[in-house]
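Encoded as structure tokens, the structure appears first; notes follow it.
Keep in mind that this is a model prediction, so the values were computed, not measured.
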Amino acid sequence: MRDLGFADTGKLTQTGTAVGTLAYMSAEQFLGERVDERADLYALGVIALEMLTGVLDSQGPTFSRIDRILDDRLQGSATGAEQRQVASVLRRTLQERAENRYDTVRALAAELLPALLAMESAPLSHVT
């Protein structure tokens, strides 16, 4: 950031404003509340969900839409146990309330990586 002339972070944001890409923002980030590592884990969860399913609402996913994508793509009757395990990990990662998410990237990785490695294929079909 210093190379780009942004050493003064006061120039980047204004107090009371939320900065980020709506589709990847956690609820606390969107509302301008205190954020920590769990907001980044939420964004990582959205990216993982998008990569696995091929779907992301350009207006930003609502929590009910995230639940629907998880249910339709990773936990439906046509999915295997491995996909349901990935969905379980992502569901926790994408909880609306930060305190219900993983606390650290290490904790998330400990569950997500084995689940992804066990999954033979991702369900890449379009949900309307």
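Taken to the nearest 0.5 Å, the CG atom of N100 stands 12.0 Å off from the OG1 atom of T93. In this structure, OG in S26 is found 12.5 Å from CD in Q95, a value given to the nearest 0.5 Å.
Using a 4.0 Å cut-off between charged side-chain N and carboxylate O, E28 and R101 make a salt bridge.
Taking the side chain to side chain contact (heavy atoms under 4.5 Å, CB included) definition, one finds that E82 meets it with A118, M119, sequence neighbours left out. Looking at residues two or more places apart in sequence or on another chain, you find a side-chain hydrogen bond (donor to acceptor under 3.5 Å, both in side chains) between E111 and Y102. For A115, the side chain to side chain contact (heavy atoms under 4.5 Å, CB included) criterion is met by Q85, V86, not counting sequence neighbours. In this structure, the side-chain hydrogen bond (donor to acceptor under 3.5 Å, both in side chains) partners of D36, at least two apart in sequence or on a different chain, are R38. Not counting sequence neighbours, R92 has no partner by the side-chain hydrogen bond (donor to acceptor under 3.5 Å, both in side chains) test.
Each of L113 and L41 belongs to its own hydrophobic cluster when Ile, Leu, Val, Met, Phe, Trp and Tyr are linked at side-chain heavy-atom distances under 4.5 angstrom. The hydrophobic clustering, which links ILVMFWY residues whose side-chain heavy atoms are closer than 4.5 Å, places V35 and L94 apart. The cluster map of Ile, Leu, Val, Met, Phe, Trp and Tyr, joined by side-chain heavy atoms under 4.5 Å apart, puts L44 and M51 in the same cluster.
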What donor-acceptor contacts under 3.5 angstrom involve side-chain atoms of residues 103-110, with partners at least two apart or in another chain?
unit_1 : atom_1 : unit_2 : atom_2 : d
T104   : OG1    : A107   : N      : 3.0

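Taking the side chain as every heavy atom from C-beta outward, E99 and R97 approach each other to under 4.5 Å. Between L52 and L90, the closest side-chain pair of non-hydrogen atoms falls below 4.5 Å.
No side-chain donor-acceptor contact under 3.5 Å links S88 to the backbone of R84.
Side-chain contact annotation: E37 with Y42, donor-acceptor N/O pair under 3.5 Å absent.
Across Y24 and E50, no two heavy atoms sit closer than the pair OH-OE1, 2.8 Å.
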